[in-house]
Amino acid sequence: MRCFGIIGYPIGHSVSPAMHNAAFRHLGIDAIYLKFEVKPENLRDAVFGAKALGFVGLNVTIPHKEEILKFVKPVGIAKLIGAVNTVVVQKLEGYNTDAYGAMKALESAGVDVEGKIALVVGAGGAGRAIAFALAERGAKVIVTNRTESRGLKLAEDVRKVGECFFHPYDRLEELKGRIDLIVNATPLGMKGFEQKLPVPESLLEDVVVFDTVYNPLETPLIKKAKERGCKVIYGIDMLVYQGAEAFRIWTGMDPPVNVMREAALSALK
Ligand SMILES: NC(=O)c1ccc[n+]([C@@H]2O[C@H](COP(=O)([O-])OP(=O)(O)OC[C@H]3O[C@@H](n4cnc5c(N)ncnc54)[C@H](OP(=O)(O)O)[C@@H]3O)[C@@H](O)[C@H]2O)c1
C-alpha cells in the first residue's frame, strides 16, 4: 500500500484525506492518505521520518509551507513563491499547487485575468502564491496586508515577474471603482476566526470576488458579494484543484476532479 498524508498544526479541519482517499478508491489505487498533526519543532523529523517510512507524497499546510523549504528542494513556481504545499517525499522535492488551484478556479469560472486589476488581500502563503500566479498571467496586482512590511516585501518580490504594488490595508476605500477582482487570502470569515469582511463593503461593486476560505462554503464575504450582485468564486474550487494537481504530480494519473469535489463537499457538511 502506498502512503500519503498531510502535515499541519492544527490539522483537524483538513478535508484533504476525504478528497484523496475518494480518488484512490475511484481509480482502484491501493493507497491511503492520512492527516498528521506536526508541531513546528517536529517538522524536520516528520519529513525525514516520512521518507524513511517510504511515503510517496505529503501535503503541507499552516504553518509549515515556508519552513519546509529548509528540507525540500522547490520546483517550478514554488521557487519564486517561497512556499510549498506538495512534497514528492522520496525525492524531497517541493511544489506549489495552491497557485495552480487558484488560477484553475478562476479559469473554470470564465475569468480571464490578463490586463485586469486584481486586489490580493493577505501576504501569507496563499496570498504569495496567488499574487505571483496572477502577475505571471498578466494581471496588474495590488497587494494589501494587515502587516505592511510583509505586504511591501510581497509586492517587491512579485515585481520580478510582473506588475505589482502595495496599497495600505487601512486605506482600501480609495480603490473603490478601480479594481476588477478581489481575492481574499486571509482567514477572515473562516470558521473559528473573526467573521468580518476582509475589504470595505463599498469595494463590492462590479467586481469578481474570490474567497479562498472554504469553511464555511458561504463566507460573509461571499454572501455580501452575492447580495451586491458580484460574480463569486468559492474557496472549495481552489481546494479541489490544488488537491487534484498534487494527485497528478504524485501518481502521474488524471485526477478524478468531480469525485474529489463531492468528497470534499460531503466532508465539509
Ligand atoms: N482554498 C484553498 O485551497 C486554500 C489554500 C490555502 C489557503 N487558503 C485560505 O487562505 C487563508 C490564508 O492561508 P495562508 O496559508 O496564507 O495563511 P498565513 O500564511 O498564516 O497568512 C495569513 C494572512 O492573513 C492575514 N491575516 C490573518 N489574520 C488577519 C486579521 N484578523 N485581519 C487581517 N488580516 C489577517 C495575515 O496578515 P499578517 O501578515 O498581518 O499576519 C496574512 O497575510 C486560510 O485561512 C485559508 O482559508 C485556502
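Just so you know, ligand 1 is whichever comes first in the structure, and atom 1 is the first atom listed for that ligand.
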Original post:
Is any NZ, NE, NH1 or NH2 atom of the basic residue among Glu173 and Lys176 found under 4.0 Å from an Asp or Glu carboxylate oxygen of the other?
Top reply: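 No, Glu173 and Lys176 are not salt-bridged.
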Give the atom numbers and elements of ligand 1 that come within less than 4.0 Å of a heavy atom of [X].
X: Met190; result: 45 (O), 47 (O)
X: Ile62; result: 15 (O), 17 (O)
X: Glu194; result: 31 (N)
X: Val213; result: 47 (O)
X: Tyr214; result: 1 (N)
X: Ala123; result: 43 (O)
X: Arg150; result: 19 (O), 38 (P), 39 (O), 41 (O), 42 (C)
X: Leu188; result: 30 (C), 31 (N), 32 (N), 33 (C)

**OP:** Using the six-membered ring wherever Trp is involved, compare the ring planes of Tyr33 and His20 and label them parallel, tilted or perpendicular (cut-offs 30° and 60°).
**Re:**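 Parallel, since the angle between the ring planes stays under 30°.
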Checking a contact table here: which protein heavy atom is nearest [atom], and how many Å away?
atom: atom 13 (O) of ligand 1; answer: Ala126 CB, 4.0 Å
atom: atom 40 (O) of ligand 1; answer: Thr147 OG1, 2.5 Å
atom: atom 23 (C) of ligand 1; answer: Ala185 O, 3.8 Å

**OP:** Could you check which of Gly124, Pro187, Gly151 puts a non-hydrogen atom nearest to atom 27 (C) of ligand 1?
**Re:** Pro187
Subject >> Residue-ligand contact Tyr169/ligand 1, heavy atom below 4.0 Å >> reply: yes
Original post:
What do you reckon, does Lys65 put a non-hydrogen atom under 4.0 Å from ligand 1?
Top reply: yes
Original post:
Does ligand 1 have a heavy atom under 4.0 Å from the side chain of Asn145, from its backbone, from both, or from neither?
Top reply: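 For Asn145, the contact with ligand 1 is made by the side chain alone.
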Original post:
Side chain or backbone of Pro198 under 4.0 Å from ligand 1, or both, or neither, by non-hydrogen atoms?
Top reply: neither
Original post:
Got more than 12 heavy atoms from elsewhere within 6.0 Å of CG, Asp206?
Top reply: no
N/O separation below 3.5 Å, [X] to ligand 1:
X: Thr212; value: yes
X: Ile236; value: no
X: Gly122; value: no
X: Arg146; value: yes

Original post:
Can you check whether Phe4 and Phe24 have ring centres sitting under 6.0 Å from each other?
Top reply: yes
Original post:
Side chains of Ser16 and Asn59: is there a donor and an acceptor less than 3.5 Å apart?
Top reply: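 On atom types as modelled, these side chains do not qualify, holding no pair under 3.5 Å.
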Original post:
Is it the case that Asn184 and Thr186 place a side-chain donor and acceptor less than 3.5 Å from each other?
Top reply: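 There is such a pair between these side chains.
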Original post:
Is the NZ or CZ atom of Arg159 positioned over Phe165's six-membered ring, under 6.0 angstrom from the centre and within 45° of the axis?
Top reply: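 No, cation not above the ring by the 6.0 Å, 45° rule.
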Original post:
Are Val158 and Arg128 close enough that some pair of their side-chain heavy atoms sits under 4.5 Å apart?
Top reply: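 Of all side-chain heavy-atom pairs linking Arg128 with Val158, none is under 4.5 Å.
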Original post:
Are there protein heavy-atom neighbours of atom 20 (O) of ligand 1 below 4.0 Å?
Top reply: no
